Structure formats: structure tokens, C-alpha cells
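Since this is a predicted model, take the numbers as computed values, not measurements. Lettering follows sequence order; numbering is per chain, from 1.
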Amino acid sequence: MALKLTINSSATRIRRGGMVEESIERAAARAIVAMREGLGEQLTVDDMARAAMFSKFHFSRIFQRATGLSPGRFLSALRLQYAKHLLVSTSLNVADICLRVGYNSVGTFSSRFSKSVGMSPTTYRRCSGFAEQIPTVPAHRVASTARLYGNARLSQLGASGPVFIGLFPDRIPEGRPARCTILPAPGPYSFDTVPPGTWYLLAQSVSGDWQTPPLDPADAEGRVSVATYGPITVRRDTVRADLTLKPARDLDPPVLLALTDARELALATAAERTEGAAPSMLVSSARSPHERALQRPAA
DNA sequence: TGACTTCTCCAGCTTGGTAT
DNA sequence: ATACCAAGCTGGAGAAGTCA
């Protein structure tokens, strides 16, 4: 009887815990809707907390628990994501876009955009949203023997496209990843000479027919699958981290980094294979076009 | 002329600790 | 679980200068 009571109370706790998590996610989702609707306005954490009927202190904590990012950083990410969309889909100048997404200073907008996306707003527009290369921490500057490897797979059956996998200091794919790669399809990956530290492994895949010409990247973001693994503490050992890609939810931080045209790179790998070259991982073959595109250190 | 970079200042945010 | 406090930090505004 005592055992039964214990089991029941545990079950109740788990059920109650699940309900708490659900209500936290609902509150965060409501706040994100408010953020999206008020991108051009001066929304503060106080405003969002009031809308969610929490104190701003508590709201910050539960929001971070639900999304992995503080409300301020999430809002900044949404603004920059919207700016990316406006840059490739309109002919508005940078100053107008800056105002539309809620910044009052072009200087701030330009520097934050460059830092997060990896290129200036005008360069981003010129490249139609696709980076020629993604700068990473140069291998020769890292005294490390650490290796990170694993398998990236989709949570559900369906058409799968190329998978971008990056190692970032935060739960949001922005700035310069420590290491990154693009797989032609879900499968095994591996990173050598991983810098010591605490990292998040973030993966993104665009579903659908990846052999069609690149779409507007903002449009592509609507059918994105994502996966997050971490925090991973890397020292000198080998770490395994398997990823399961699931359809992106509103609670997932937006992808800010300008990605390479993954489909073009994946096609290059397919061509390599038909020519008889060994099917190589992007980071393990110095002759791979992906290697050249991804591992080239920034100037 | 428009876009970008760099810098300083400071309001607002984050975070760790604590109380209820 | 929720709320509050306080110290330290972050990021936004705006000015000045550079570049194409």
C-alpha cells in the first residue's frame, strides 16, 4: 500500500511537472507571438512579462528554460531574421530596414547584423542570402586533439535535404562556429581538432526537393528541421553526439548565420561520387569542395 | 551619397542569491 | 513556484570617421 502511494505520488509529480513545462512553453510561445507582432516597436522584457502575467525576473527565467535564450536575445534574433527576409525580398535600403525591424540606429543595426549573420547587410543582399563560405576558428590556432562525432538523423520519414551541422558557443546559430560541415543527407559526421570549451551542436536541414535551384532563404526557413545537442564540454577526449532533426517550432531560436548554398555543395558531392571518388565526409577530405568552402579560415 | 566601422555612454537586462 | 534585490554585463543610440 505504501509502495502504491509512493508510485502514485511520483506519477502525480511527473504529471504535474509536465503540466508546468507545458504552461511555461505556452507562456513563452505567447511572448514570442507578441515579439513577432511587435517587431518594429520598442518592446521591453517588462512589457512581455506583463503580457504573460509574471514578474520580469521570473519571466526571464522561464523564457530561458523554454527556449534556451533570454527574451532580449530572442527578440534581437527575430529582428535580425526579419531584416534578412526584407533584404532579400525587397529593395528597401538598409536604413529603412533598420527602422522596420525596430532599431533606431543604423550603426547598431549594421554592426549587430554583421556579427550575427557573418556578413554586412549589403553583402547579404548581394549574395541573395547565401554565404560563399562559413568562417570557423582556424585549425592551426587550436592546440587540440579532441574529436567530436556522431550521427544526424531525421525524426520522421520523408524527403531529406542537405544537413548543416555547426558547433556554436550558444544555443543560437549565429556568429562564427568553432567547426561546421554540410552533409548531403542525414548521416554520420565528425569534427577533428575541436577547440576545448563548452559548445552547443546545432543542426539544420531544409526538407523538400533540394536539387531544385536555391529558394529565397527566408522562404526556405518555413520548412526547416533543427536539432540541438549540448552543452558539450570538450577537453582532449573523443565525444559522441547523435542528433535527431525535428521540425522547427516557434520556441526554437531562428537561424541567423548566413549559410552556404547547401544544395549546390551537396550536388558537388553527388558529382564526386558518380566520378568514382570515395564518399567522403566534408571535414575529413582536404580535396572536398565542402572542405574548401567551410574550413578556409577567415582573413 | 550611402553604407559601414569604431567608439563612448548609459538604460535596461541577466543572473546569482535569497525570501515567501 | 514565484517574487524580489543588487551587481555586473550587454546591447542600443548616436557621433565621427572611412570607404567605394
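The existence of a salt bridge linking A:Glu174 and A:Arg73 is confirmed by a sub-4.0 Å separation between a basic side-chain nitrogen and an acidic carboxylate oxygen.
With B:dG17, B:dT14, C:dA1 as the choices, the nucleotide that has an atom nearest any side-chain atom of A:Pro71 turns out to be B:dT14. Among the nucleotides B:dT6, B:dA3, C:dG11, the one closest to the side chain of A:Arg73 is C:dG11. Nearest to the side chain of A:His58, among C:dT2, B:dT14, C:dA13, sits C:dT2. For A:Thr108, the side-chain atoms get nearest to C:dA13 when compared with the rest of C:dA13, B:dT5, B:dT15. Side chain of A:Asn93, nearest nucleotide from B:dA3, C:dA6, C:dG12: B:dA3.
Note on A:Ser110: a base of the nucleic acid sits closer than 4.0 angstrom, heavy atoms only. Heavy atoms of A:Tyr103 sit under 4.0 angstrom from primed sugar atoms or phosphate atoms, though from no base atom. Residue contacts for A:Ser120: at a heavy-atom cut-off of 4.0 Å it reaches the sugar-phosphate backbone alone, with no base atom in range.
Phosphate contact (OP1/OP2 of C:dG12, side-chain N/O of A:Arg112, threshold under 4.0 Å): present.
Between A:Phe59 and A:Phe57, the ring centre distance reaches or exceeds 6.0 Å.
Relative orientation of the A:Phe74 and A:Phe63 rings is perpendicular, given thresholds of 30° and 60° on the angle between their planes.
Between A:Lys115 and A:Ser105, the residue anchored nearer the 5' end of DNA chain C, judged by the nucleotide with its closest heavy atom, is A:Lys115. The nearest heavy atom of DNA chain C to A:Ile62 and to A:Gly102 marks one nucleotide each, and the one closer to the 5' end goes with A:Ile62.
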